[in-house]
Each structure stands twice: as structure tokens, then as C-alpha cells.
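When reading the values below, keep in mind they use all heavy atoms of this one structure, side chains included, and skip hydrogens, waters and symmetry mates. All residue numbers refer to positions in the sequence shown, counting from 1.
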Amino acid sequence: MSFRNRLALFLIVTLVCVQAATAVFTYVYLRHDLEEQGKRELASNMAAFTRQLDFLSRRASDGVEVLALDYALREAIAARNEGTELSALRNHGMRIGATRMMLIGLDGAIAADTGGPSRRSGVFADAPLLEAATLNDRGTALITEGNRIFWVIVVPVRAPLPIAFIAAFIPVDDVLLRKIREISSSQNAIMLAVRQGNAWQPAARTTGDIVPDFPPVPETGENTALVTHGGAEYLAIAAPLETADSSRPIAAIVALPLENALSAYRRLMTWMVAVLSLSVAAAAGGAALIVRRFARPLEVLAGTAQRIAEGDYSDPPVIHQSDEIGRLSRAIANMTRAIAERETALTGAMETAELARSQAVKANEAKSHFLANMSHELRTPLNAIVGFGEMLEQEVLGPLGSGRYLEYARHIRESGDHLRGLFERMLELADAGSRKLDIATDPVPASELLRSAAELHRSLAKKENIHLALHIAPDENASLRGDALKLRQAIANVIHNAIKFTPAKGTVAISSMVDNTCYRIRVSDTGVGILPELQSLVLQPFHRLRSALDGQHQGAGLGLPYAKVIVESHGGTISISSEAGHGTVVAIDLPLSLGAVSHAA
């Protein structure tokens with residue numbers, strides 16, 4: 001997919017997501033607000049329901065009080081005429097809608113009961129209602145019989161003192177609940193439930209489809225929740241009602257279909273979705289214009305960048321716009337021309353550098369051949385000079401006469417040996433550079449090697465008034481494998497270098513130790529030291545450190561480079577740590593032979 005299409009898709013998807021999120025947020029917010037409003041309305045309906053139930057009970061109480069004033073009933077009570085009592089109770093119960101009427105004595109015994117056997121029997125179960133009727137002329141409470149709910153109204157029969165009580169059982173059923181809803185301003189569904197064990201069973205309801213899965217009924221107060229029944233959502237409130245002591249708990253549930261509350265807002269949401277859709281369409285058109293304005297020039301710039309990456313530095317097309325894209329196009333054109341000029345210059349410089357490198361390689365090879373040839377050419381006359389010097393020194397053909405001739409002969413021999421050593425090391429350095437250096441692989445006792453290298457310069461140290469300290473590792477079995485002569489010369493070079501750059505009364509310490517598979521040699525001095533930036537240079541051939549002692553000691557700069565070549569040829573390492581004015585430490589690590597390692601283990 002091209003950048004243009006991706007940009008257009010991104011803008012459209014972003015706008016759609018923003019609009020959808022706005023619609024969802026609005027719907028969720030309205031729904032939550034409606035739920036809270038519904039909860040408040042249900043709480044108000046619950047309070048109204050209890051007030052209406054109390055109002056109906058007052059009307060029924062008035063009817064029962066009328067019966068309590070009936071002269072014929074009081075005469076029948078005085079005469080204990082059960083038939084007249086039952087007849088009066090039935091007739092008046094029909095008028096007030098009671099399904100059961102009782103005549104109760106002052107002792108609580110049931111004197112007559114329209115819903116019980118014909119003979120007198122039993123005791124009224126709710127004595128607190130009798131006490132309330134005695135004190136307040138009326139006692140009312142909800143009571144359950146089986147799975148039915150009754151509103152019980154108890155009034156005293158006075159003549160003028162109480163002589164009995166009348167109890168009217170008015171059923172609280174579907175008819176009564178519908179009557180309550182008819183006189184109410186709310187048309188919400190109402191249901192009464194009776195607790196049986198741990199479960200609540202519906203006992204009366206206003207409609208047949210009221211939510212059976214109502215919220216849990218609390219011990220006190222109210223509980224409101226959103227429930228689902230038959231694919232529809234309801235807001236329902238459940239609250240316990242006050243009952244008589246002998247009754248099972250009764251709860252009132254008022255339910256509000258959420259669909260009724262949301263219907264008006266859903267029509268609003270329909271219009272909102274339509275407006276959002278039109279906004280998305282307008283935004284999509286705007287996105288297309290933006291893409292056309294910016295994406296095409298960017299595609300041109302991308303093609304130009306690709307050609308530059310492939311090495312095509314021809315003049316790119318310039319986009320004639322005054323915005324950022326136009327400035328970017330002109331900047332790319334200038335950059336292309338600059339790159340082309342620099343590449344041309346760089347190509348010429350690379351060709352020159354390659355030519356110089358080739359010439360340097362040839363010169364280095366010529367130097368190596370020259371050094372090798374000169375070393376071989378000079379070795380023969382030097383051998384003759386050294387040989388004849390030894391003969392003169394030993395007076396092979398007879399005495400020379402003057403003792404000064406013997407001293408001259410010794411100087412000739414020593415100078416020849418020195419020159420021959422220099423040429424030997426130059427030749428070995430040249431062979432190492434061309435990877436032609438031959439290294440022997442003989443067993444070499446490490447302690448004897450170090451001791452002999454130190455003894456070579458014992459007299460030089462004494463002559464320069466320098467203390468030479470030697471501390472060899474006690475492990476006499478430490479053994480190396482390599483070329484003893486070259487290793488001794490390499491270590492001797494390091495020791496000689498330390499003595500040469502250490503002032504009089506200084507110290508050169510030589511120590512060794514065996515560490516697992518490695519023989520470690522440390523040569524430290526109290527000399528002039530080396531600056532950190534020069535420490536890597538002193539290991540390069542023909543480099544000499546300029547110091548305060550340069551005027552006193554001469555050298556060709558082959559000592560440490562030769563030691564580095566020989567140590568590394570034996571698989572070891574050499575390193576320098578130094579601080580100007582505080583001496584130098586040269587560390588040499590050489591691998592032990594396998595036999596020595598096994599013995600150490």
C-alpha cells in the first residue's frame with residue numbers, strides 16, 4: 001500500500017474511532033445517568049407504595065371501626081351468640097374486602113372466626129396487635145398465611161370499655177397491587193415476595209412479566225440493582241416490609257424496564273449517529289484533499305532519495321511550493337549536488353590513497369629485503385672482525401708488545417659483537433614481519449631462563465650504581481616450551497632497558513610467579529617513567545623515548561619491540577604500565593608447557 005493510501009486510511013480510521021468513541025461515551029454517560037435517575041425514582045416509588053398501602057389500611061380500619069360500633073354485634077358478644085357474631089363478621093367483611101374476620105376475647109382467645117371451624121378454638125397469635133389496638137384504638141401489620149399475604153387490622157369493641165377485639169384479614173394480592181398502581185402517578189411494576197427458608201417466592205404482583213430475579217433483599221434499608229430477564233434489562237429495588245411477629249419476612253420489589261427510560265434517548269442517539277456519519281464523510285473528503293496536497297510531493301521526494309541511494313546524483317525535480325515540502329525539495333536538490341561534488345573528490349582521493357598505499361607496501365617490502373640482504377652481507381665481515389679481534393686479544397700468533405694493543409683488540413671484539421647482535425635482531429624483526437621467523441620448541445626451565453637473563457646485566461647494574469633485585473618463584477618444575485636463546489635475549493632486553501633509564505642509586509626489581517597455566521614475569525624500575533600516550537609507541541620498532549637521560553644513553557630502539565615479537569611468537573603477552581617520574585613496570589606472561597601444567601595441577 002502506498003504512503004498516500006496509508007495516510008488517507010489513517011486519517012479516516014482516526015476520525016471514525018474518535019466519532020465512535022464520542023458516541024459510545026455519550027451513550028454510556030446517558031445510560032449511567034438514567035440508571036441513577038431510575039434508582040432515585042424507584043426509591044421514591046417504594047416510599048409512595050408504603051404510604052399508599054398505609055392509606056388503604058386506614059380506609060379499611062375505618063370500616064372495621066364501624067363494625068366495632070355495631071349494636072347488634074355488641075349484643076351478640078354480650079350474649080355469646082356465635083351465630084350472630086359470625087353473620088355480622090361475614091357481612092361486614094364482604095363490604096370492606098376482608099377474606100377472613102375474627103372476634104377475639106380480651107384474653108386473646110378466638111371467639112369467632114369466619115375462616116376457621118364453626119366452634120370456638122385457638123388463640124390469636126399476634127398479641128402485640130391487641131396491645132396496640134388497646135392503646136391506639138387500632139393495630140395493623142402484614143402477616144403471611146401459607147404463600148399469601150394479608151393486611152391484618154385489629155380494633156377494640158368498646159361498651160364503653162373494651163369487651164373484645166375484631167381482626168380483619170384483607171388480602172394483599174394482585175388486585176390490591178393493581179389498585180395501588182392505579183391511584184399512583186407511577187406505572188412501575190410492583191411485587192411482594194415471601195421468604196421460604198433461604199429463598200424468596202413471589203406472592204403478589206401487578207403484572208405477569210415482572211422480574212422474578214430481583215435484587216437480594218437486605219435486612220434493613222433498600223437494595224437497587226440492574227437485572228436481566230427475558231432478554232430485557234430492568235432497574236429493580238427491593239426492601240423489607242414491617243410484619244407481625246408471627247409472620248415470615250415480606251419484601252416489596254418495584255421494577256422499572258430500562259427500555260422505557262432509554263427509548264427517548266435512543267431516538268436522540270439515532271440523530272447523533274447520523275450527524276457523526278456526516279462528519280466522518282466530510283472528514284474523509286478533507287483527508288483526501290490533504291493526501292492529494294502532501295502525499296504526492298512526498299512520493300516524488302521518496303523517489304529522489306531512492307535514486308540518490310542508488311548512486312544517481314543527477315539534478316532531481318524541484319517542487320515549487322512555498323511550504324515545508326518545497327523547502328525540503330530545494331534542500332534535497334542542493335544536497336544532491338554537494339554529494340556529487342564530494343563523491344568526485346572522494347573518488348580522486350581514494351585513488352591517490354590507493355596509489356600511495358601500493359607504493360608504501362612496495363617500499364616496505366624493499367626495506368625488508370634490504371635489511372635482510374644487508375644483515376647477511378654485513379655478517380661475514382663482522383664475523384671476520386670479531387674473529388681477528390679475538391685472535392689479537394688472545395695473542396694467538398705471539399705477543400703484541402704493548403698492553404694497549406690488547407685493550408684495542410678487546411674493544412674491536414666487543415664492538416663487533418654488539419654490531420652483530422644488532423644485525424641479528426634486525427634480521428629477526430624483518431623475518432617476523434614477513435612471518436619467516438623460526439622459533440624452536442625445546443623445553444626451557446623457567447627459573448634458569450630468568451636467572452641467566454638477569455646475570456647478563458649484573459655487572460652493568462653494578463657499574464651504574466643500580467640495585468638489581470631478583471625474586472624467582474619457588475616452583476622449580478615450571479617449564480616453558482620455546483627458543484631459549486631468543487627468550488633470554490628478549491627478557492635481557494627488557495632488563496637492560498630498565499637499567500638504562502633508571503638513575504644512579506635506583507632499583508630494578510625482577511620477579512616471577514606461577515599462575516595456573518601461565519608463568520608471569522614482572523620487571524619494575526624506579527626510573528623516569530613513560531607518559532600514557534607514549535606507552536604503546538615504545539613497543540614499535542625503531543622508536544626511542546625522548547627523556548632526561550637520552551643524552552647519556554644511546555640505542556637503536558630495538559629492545560622492547562624485539563621482546564614483544566619474541567614473547568608473542570611464543571604465545572605470550574607483554575604490557576607496560578608506567579607513570580611519568582615514578583618508574584615503569586613491564587609484565588611478561590608466557591604459557592607453561594603441558595607437562596608443567598599437569599605437575600602444577
Side-chain angles (χ1 to χ4, degrees), residues 46-47 49-70 73-74 77 85 89 92-93 96-117 120-173 176 180 192-197 200-201 203-204 217-222 238-252:
M46 180 63 74
F49 169 71
T50 55
R51 289 195 301 269
Q52 291 159 2
L53 195 62
D54 185 64
F55 172 74
L56 291 178
S57 69
R58 287 181 180 275
R59 291 181 58 184
S61 297
D62 294 340
V64 176
E65 289 175 356
V66 171
L67 177 61
L69 299 175
D70 186 87
L73 178 60
R74 284 186 290 178
I77 293 173
E85 294 171 348
L89 291 173
H92 202 75
I96 64 174
T99 58
R100 186 178 184 183
M101 300 288 290
M102 285 186 183
L103 183 64
I104 305 168
L106 296 178
D107 58 356
I110 299 175
D113 186 357
T114 61
R120 303 174 183 178
S121 63
V123 177
F124 188 65
D126 294 290
L129 290 178
L130 302 180
E131 295 175 1
T134 302
L135 296 175
N136 303 318
D137 291 334
R138 184 182 66 167
T140 61
L142 287 172
I143 193 171
T144 57
E145 285 189 359
N147 199 32
R148 300 184 66 188
I149 301 174
F150 295 91
W151 190 270
V152 180
I153 303 169
V154 179
V155 297
V157 179
R158 299 180 184 273
L161 296 176
I163 59 174
F165 296 95
I166 299 174
F169 289 75
I170 300 175
V172 182
D173 52 11
L176 179 61
I180 291 175
L192 297 181
V194 178
R195 188 169 71 183
Q196 295 182 354
W200 290 85
Q201 299 294 332
V217 181
E219 293 294 332
T220 59
E222 300 171 345
L241 298 178
E242 186 177 356
T243 61
D245 293 343
S246 62
S247 173
R248 286 176 291 162
I250 302 173

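- Taking both residues in full, the closest heavy atoms of E85 and I77 are given as OE2-CA, 3.4 Å, listed atom of the first, atom of the second, then distance.
- When all heavy atoms are compared, the tightest approach of P218 to A238 is CD-O, 3.7 Å.
- Note that CD of E242 is 11.0 Å distant from CD1 of I250, once rounded to the nearest 0.5 Å.
- Side-chain atoms of D113 come within 3.5 Å of backbone N or O of G115 as a donor-acceptor pair.
- Residues T243 and T144 form no side-chain contact, since every pair of their non-hydrogen atoms from C-beta on lies 4.5 Å or further apart.
- Residues N147 and A203 approach most closely at O-CB, 3.5 Å, considering heavy atoms.
- At least one side-chain heavy atom of R100 sits less than 4.5 Å from a side-chain heavy atom of T114.
- Taken to the nearest 0.5 Å, the CG atom of L130 stands 5.5 Å off from the CD1 atom of I104.
- A side-chain donor-acceptor contact under 3.5 Å links D126 to the backbone of S246.
- We find the CG-CH2 distance between L192 and W200 to be 10.5 Å, quoted to the nearest 0.5 Å.
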Could you list the donor-acceptor pairs under 3.5 angstrom formed between side-chain atoms of residues 153-170 and any protein atom two or more places apart in sequence or on another chain?
from: R158; atom 1: NE; to: D137; atom 2: OD1; distance (Å): 3.4
from: R158; atom 1: NH2; to: D137; atom 2: OD1; distance (Å): 2.6

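- The distance from atom CD1 of I96 to atom CE of M101, rounded to the nearest 0.5 Å, is 4.5 Å.
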